[in-house]
Protein chains: 2
Amino acid sequence: MDYTIGEVAQLSSVSERTLRYYDELGLVCPKRDRQQLYRLYSKEDLKRLQTVLFYRELDFDLATIKAIMEDSGFSIVQALEDQRQRLLAKRSRLDNLLHTLETTIAEQRGETTMTDKERFEGLKKSLVEENEKKFGKEIRTRYGEETVAKSNAQMMGMDEKTFNEMQELSTLLLEKLVEAEKSGDCRSPLARQVAMMHKQWLAYTWPSYNAEAHANLVRMYVDDERFNAFYLGKAAFLRDAVLALLDERQA
Amino acid sequence: MDYTIGEVAQLSSVSERTLRYYDELGLVCPKRDRQQLYRLYSKEDLKRLQTVLFYRELDFDLATIKAIMEDSGFSIVQALEDQRQRLLAKRSRLDNLLHTLETTIAEQRGETTMTDKERFEGLKKSLVEENEKKFGKEIRTRYGEETVAKSNAQMMGMDEKTFNEMQELSTLLLEKLVEAEKSGDCRSPLARQVAMMHKQWLAYTWPSYNAEAHANLVRMYVDDERFNAFYLGKAAFLRDAVLALLDERQA
DNA sequence: TATACACCCTCACGTTACGTGAGGGTCAAG
DNA sequence: CTTGACCCTCACGTAACGTGAGGGTGTATA
């Protein structure tokens, strides 16, 4: 039993305009009535729409949602589990935000004080959310959803201390990269150190290390201007340093 | 001790572009360094920014946030309490959404079944959110934040049964309105019935009834095309019917 | 003194995800 | 036949920024 677009809009509270837009984007594509060209949505279309809406609720952009759902390894069950973890994380963040708000109320009553930093606790996006926003779609097309989901799950479980360590390592890595690149020698001891630091950095988010994935990753950095920018325009040098390290490991 | 825009951006994780945009909009307006024209944010500016960010987190559009904070009755304490209620409601909705998602996972495992309607439970915006999105700014400029906040609090606490009754009354009211307007007599028994139904409808969301507010409300409907559209282009008739009822009450 | 760097300024084009008509077609009921 | 319900495509507009382009001030260093 199929539904017309108006019926689906009513059922789901998604506007007709939005449903047409999702059709146009290839997100949820109903078949068409032969005569009038009306869109006719099946049960499967409704399930697919639900998945889209869950991802939308989690602030994924539509291009990324599309990439996820087109991944060769995509399965509804896995998506649902992924979404569940994210919703739990979102709930956690909301609790944190409530805490900040309640502290602010107490501050107004003169019952406590807040630092300027504490004032914005919970109002920031998490690292995972920032990454998804910047790089989500491209990473998925290269590595597939399964790897990304596992990586994100690991990051979501990260405590503040580990997170800070990771940030510090990242900062130091960038400093060393700039320094090592000056020599132009991707096999120098400093360059080697940079490559090893990069590997260590990956350990924070990868479930397990894989040399081939590492090599592919640094190659991707060179191809994508945003990653190159993150590595201060020195993605090519980082690639060479990492590849040199990996060659050495295999020799 | 003042902060530069870069420092605030770092502290709050709000981009410099966003901070400049909020200055331009009149949301958070720092003083300027006399020489360089740098923006200098005070402690009070930070508090104000926090309030903006809480409202943003609650999906308020910036124009509405501005209207709220410019209201003559605005106070930070009240805003924080309002925001707290909303965050709790948002958390509730998130729980509801989690439940839907977990039911969907169980469905996938063949452990349960879902209706097409249930599939979208928790993914819809609440009545309050819809109202804020459509009418929030204008209502505030007319009635002040206090009245609106109380009305919204009442709606947020409304259970599904009451909500459905309210919807049914609304539907019936519109039908009767169309019918009564055909006679052109705003003092007919049917017109009177419509006016009383409208009053009853208001009782669902108003903490207490006030004839003057009712009169002002129906006058506003005529002035604002969106409300007029909601009342099927018959806002003027509704106004006259309500004013007739209120005259009769005072006679 | 000149240069480089850090940080800030304004201006303006572009993006995403729709909202809102304009103009038009099909089908069923009166 | 007319009207109303529902759907179609097309296209302009909106909100909230993101992303440079182009430029100025102050400080540290060679």
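Keep in mind that what you see is a predicted model, and the values were worked out from it rather than measured. Numbered from 1 within each chain, the chains take letters A, B, ... in sequence-line order.
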Nearest-Å distance, CG (A:Asp33) to C1' (D:dC7)?
-> 10 Å
Quickly work out the A:Glu7 CD to D:dA5 C1' distance and round it to whole Å.
-> 12 Å
Atom CD of B:Glu16 to atom C1' of D:dT19: distance rounded to whole Å?
-> 13 Å
Salt bridge (charged side-chain N to carboxylate O under 4.0 Å, His left out) against B:Arg84, all qualifying residues, sequence neighbours excluded = A:Glu102
Side-chain N,O (B:Thr4) to OP1/OP2 (C:dC7) below 4.0 Å = no
Kindly write out the residues that satisfy side chain to side chain donor-acceptor pair (under 3.5 Å) with A:Ser42, not counting sequence neighbours, or none if the list is empty.
-> A:Asp45
Whole-Å distance, A:Lys31 NZ to D:dC7 P, equals 15 Å
I'd like a table of atom pairs between the protein and nucleotides 22-29 of chain C - only N or O on both sides, under 3.5 Å - with the distance next to each one.
| unit_1 | atom_1 | unit_2 | atom_2 | d |
| --- | --- | --- | --- | --- |
| C:dC27 | OP1 | A:Gln35 | NE2 | 3.0 |

Hey, are the side chains of B:Leu87 and A:Leu94 touching, using non-hydrogen atoms and a 4.5 Å cut-off?
-> yes
Any residue meeting side chain to side chain donor-acceptor pair (under 3.5 Å) with B:Thr4, in chain and number order, not counting sequence neighbours = B:Glu7
Distance check: side-chain N/O of B:Arg39 vs OP1/OP2 of C:dC8, anything under 4.0 Å?
-> no
Enumerate all atom pairs, one protein N or O and one N or O from nucleotides 13-16 of chain D, separated by less than 3.5 Å.
| unit_1 | atom_1 | unit_2 | atom_2 | d |
| --- | --- | --- | --- | --- |
| D:dA16 | OP1 | B:Leu62 | N | 2.8 |

State which residues pass side chain to side chain contact (heavy atoms under 4.5 Å, CB included) with A:Leu25; sequence neighbours excluded, sorted by chain then number.
-> A:Tyr21, A:Leu27, A:Leu62
Mind checking what makes side chain to side chain donor-acceptor pair (under 3.5 Å) contact with A:Arg20, not counting sequence neighbours?
-> A:Glu16
Rounded to the nearest angstrom, tell me the gap between atom CG in A:Asp59 and atom C1' in C:dC18.
-> 16 Å
With sequence neighbours left out, the residues meeting side chain to side chain contact (heavy atoms under 4.5 Å, CB included) with B:Ser15 are B:Arg17, B:Thr18
Can a side chain N or O of A:Ser15 be found less than 4.0 Å away from OP1 or OP2 on C:dG19?
-> yes
Would you mind telling me which of D:dT9, C:dC9, C:dG19 lies closest to the side-chain atoms of A:Arg17?
-> C:dG19
Specify the separation, in whole Å, of atom CG of A:Leu37 and atom C1' of D:dC6.
-> 14 Å
Pick base, sugar-phosphate or nothing for B:Arg20, based on heavy-atom distances below 4.0 Å to the nucleic acid.
-> base
Residue set satisfying side chain to side chain donor-acceptor pair (under 3.5 Å) with B:Asp33, at least two apart, ordered chain then number -> none
Nearest-Å distance, CD1 (A:Ile65) to P (C:dT16)?
-> 14 Å
Any side-chain heavy-atom pair from A:Leu11 and B:Lys117 closer than 4.5 angstrom?
-> yes
